[in-house]
Amino acid sequence: MNAAPILEPLNEAQRQAVTAPAHEPALVLAGAGSGKTRVLVHRIAWLCAVEGVSPFGILAVTFTNKAAAEMRGRTEALLGLPPGGMWVGTFHGIAHRLLRIHWQEAGLPETFQILDSDDQLRLIRRTLRALELDEKQWVPRQVQWFINARKDEGLRPADIQDTGDYAQQQLVRIYAAYEQACRQGGLVDFAELLLRTLELLRDRPGLLDRYRRRFRHVLVDEFQDTNTLQYAWLKLLSGGEVPVFAVGDDDQSIYGWRGARVEHIQAFTRDFPDCRVYRLEQNYRSTATILQAANHLIQFNQGRMGKSLWTQGEDGPPIQCYRAYNERDEARFVVERIRQLLAEGGLRRADIAVLYRSNAQSRLFEERLMAEGVPYRVYGGLRFFERLEVKDALAYLRLSVNRHDDASFERVVNQPTRGIGERTLQVVREVARERGLSLWAAAGLLLDEGRLAARAGNALRRFLDLIQAMATAREGLALFEQVARVIEMSGLEAHYAKEGEAGRTRIENLEELVNAARGFNFDPQIHGEMSDVDAFLAHAALESGEGQGGRWDDCVQLMTLHAAKGLEFPVVFITGLEEGLFPNARSLEEPGRLEEERRLCYVGLTRARHRLILSHAESRRIYGRDHITEPSRFLAELPQELIQDLRPAVQLRPVRHAASRRGAGPMHESGGEFRVGERVRHRGFGEGVIVDCEGQGASARVQVRFEQAGAKWLVLQYAGLERVG
DNA sequence: GGTGACAGTGTTTTT
DNA sequence: CACTGTCACC
């Protein structure tokens, strides 16, 4: 086949990487905006079209479903046909697929279900209760973290060295009990998907051999994000025979806190001998100004692989930096600037992103955007399949498929309430534990033996009958009808209908769940022999349901810096650049984490194509208290000559009185005669600057940051402030 | 079994 | 401040 369409769109460095020797491992260090995905896609095309590799022999791994979908789509577009037989997916998705095929060898029940982190946490809580451990002392979240961290290291309870440490012994005990609970319910959590697969391949040389012969090429995206287990997995699968083509950027490693190890990038060149390293440094995204700033910042990190982005593009506008008085002023500025930019034309709202370090910061921007009538969309937060009502409905579905799924049983047994109280459940749990039965089986046993009081017994009986009836009702129906039927029978809608406004959204989400089921594609390549309900349930656990519900209009984009990774926008705001917030206070303790914060900042800067606007506030209210802040060190680490400082416009002339300014704009911009930014003098506190105003008339208050006395809220009427200068 | 008062807590997040 | 979870009480 003609190689021209594959190679022509590439620059020299990209071409080198794409045409790397087919039998050798390769590490591609791809800077931000340097065409990382393009290289991966073209590499696949190159292998198939020129090296004669069958798509059947290709395994491409990513971290997110979105990245996997993009890679698949672009490969198809380039090759001009769906590359049948090629495996493209997330680590978890691929592990899941292998376990579905080899459930028997992996020691799993055929209908094993996937636990998402919320399910996992609930199961841990139940385990703690079963062990009669105090949740105050054994914090479920920490236990969850412990278990997942051990699994990510490839450790089973038996593999963990007894150091004689009591706390650790207990944690290992809980881990073991949790594993037991998973086994009994046929449940597999996210880390387990990976660990099981690793063990499956490791302990069955025949199987491993088969897959090594099948997958002639393994490609990995975002390699810097691999954790220990994922890396072990790649090494095992390769066995030094199958060449691995890894693409990553050590400067964009921002997930160390959840187990990713950047060091794998360095390790790669050792563990995969004869590996060649390719560097992609030409950036096609940002202006020279933005790149210069990003390069300058990242140089403050030690131990980088070393890479410096460049562009042939223009300098572009200077980076602007606004020093706000407080967080509200910051939000005001950002939204005003957004309106200006939109008014200038040539930009859609969706071209603008507001980035922040923590989700809590979004609220101010939301309020302000809402007040100004600018449509926006917040990324992150609860995803569709994580919503309470959706999970409830799915739990009914799960339970009707697998009655021994204790997690689902617990979840819905009394949701909506049907008179099965804590006392009754206590008895059921106890019997289950004593006899080694599932909750379902224990409940049935109790009823058969007539060991429950009439009222509780009847309620429980009705619940068991309901689930039974759901299973029967589902027979012969299409997937979406089954989902609709289960929701209907569950009584959830009626339950939420009583909750008013909040309940309405929940009911809408339940309807959306039926839509999701209707739109679900059963892919025999992935789902194999599974029933469509099982496949849908797995899909719901593995795909958080991004894009489900919620309309896609032209909206200003609000998200955390983490969520922005991999995206790009013509205009980017990076907000809250303050010590303690960004870099975050908790990462200041260890130097390694500070470097990760810096990389996070680097990721943020390199999201911007044309215009980059930074901001920080001199005072910020956190948990209801005002704090005076220092500008982020990252600001000082940018080349100052590229930055244009924007000062808030200080209004010197007295503004309208409170009484006359009705409808003249948001209240807090003006506090009667005074305005944010003005210098004032107070008899007792001395001189300071007004940093905030609220209320009007007799209740009008201003916040003044005094040079000596710090920040104070003063009621204008009594404070007797004098304007200075 | 549902309501209201209180204490405790508070990065980043995909699968 | 704003949210969660727990506890007492109706």
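Order of the sequence lines sets the chain letters (A, B, ...), proteins ahead of strands, with each chain counted from 1. Worth saying up front: this structure is predicted, and the values here are computed from it rather than measured.
A/Tyr178 and A/Gln120 form a side-chain donor-acceptor contact under 3.5 Å, judged by distance and modelled atom types alone. A donor-acceptor contact under 3.5 angstrom links the side chains of A/Gln224 and A/Glu222, judged on distance only. At a cut-off of 3.5 Å, with distance as the only test, no side-chain donor of A/Thr228 or A/Glu153 sits close to an acceptor on the other residue.
An OP1 or OP2 oxygen of B/dT13 is reached within less than 4.0 angstrom by a side-chain nitrogen or oxygen of A/Asn359. Here A/Tyr255 does not reach the OP1 or OP2 of B/dT15: none of its side-chain N or O atoms lies under 4.0 Å away. Distances shorter than 4.0 Å separate some side-chain N or O of A/Thr560 from OP1 or OP2 on B/dT13. Between A/Asn414 and B/dG1, a side-chain N or O to OP1/OP2 separation shorter than 4.0 Å is present.
Side-chain proximity of A/His92 to B/dT15, B/dG10, B/dT13: nearest is B/dT15. The side chain of A/Arg357 lies closest to B/dT12 when the candidates are C/dA2, B/dT15, B/dT12. Closest approach to the A/Asn584 side chain among B/dT11, B/dT15, C/dA2 is made by B/dT11 (side chain taken as heavy atoms from C-beta onward). The side chain of A/Thr417 lies closest to B/dG2 when the candidates are B/dT12, B/dG2, B/dT13. Looking at the side chain of A/Arg258, the nearest of the listed nucleotides B/dT13, B/dG1, B/dT11 is B/dT13. The A/Asn65 side chain lies nearest to B/dT15 when the options are B/dT15, B/dT14, B/dT12.
For A/Phe582 and A/His616, the gap between ring centers reaches or exceeds 6.0 Å. Between A/Trp103 and A/Phe112, the ring centre distance reaches or exceeds 6.0 Å.
Atoms CZ (A/Phe385) and C1' (B/dT14) sit 15 Å apart, rounded to a whole Å. Summarising the geometry, the separation between CZ on A/Arg586 and P on B/dT12 is reported as 10 Å, rounded to the nearest angstrom. Between A/Leu567 atom CG and B/dT14 atom P there is a gap of 11 Å when expressed in whole angstrom units. Between the CG atom of A/Leu195 and the P atom of B/dT15 there is a distance of 20 Å, rounded to whole Å. As a whole-Å value, the separation of A/Glu422 CD from B/dG2 C1' is 15 Å. Atom CZ in A/Arg599 sits about 17 Å away from atom P in B/dT13, given to the nearest Å. Atom-to-atom, CZ of A/Arg383 to C1' of B/dT15 comes out at 10 Å; the value is rounded to the nearest Å. Going from atom CG of A/Leu588 over to atom C1' of B/dT11 covers 12 Å, rounded to whole Å.
The local environment of CZ in A/Arg129 is crowded, with over 12 non-hydrogen atoms from other residues, nucleotides or ligands closer than 6.0 Å.
In summary, A/Asp250 and A/Arg304 do not engage in a salt bridge, as defined by a charged side-chain N under 4.0 Å from a carboxylate O.
Judged by closest nucleotide on DNA chain B, A/Ile420 is the one of A/Ile420 and A/Leu561 placed further toward the 5' end. Residues A/Leu600 and A/His495 each lie close to DNA chain B; by heavy-atom proximity, the contact nearer the 5' end of the strand is made by A/His495.
A donor N or O paired with an acceptor N or O is not found under 3.5 Å between the base of B/dT12 and the side-chain atoms of A/Ser587. For A/Arg141 against B/dT9, a side-chain-to-base donor-acceptor contact under 3.5 Å is absent.
A/Trp257 qualifies as a stacking partner of the B/dT12 base, centre to centre under 5.5 Å and near-parallel within 30°.
Among the protein residues, A/Asp189 comes within range of no part of the nucleic acid, since none of its heavy atoms lies under 4.0 Å from any strand. The residue A/Glu597 sits close to a base: some heavy atom pair falls under 4.0 Å. Residue contacts for A/Phe63: at a heavy-atom cut-off of 4.0 Å it reaches the sugar-phosphate backbone alone, with no base atom in range.
Glycosidic conformation of B/dT12 is anti; the angle lies outside 90° of 0.
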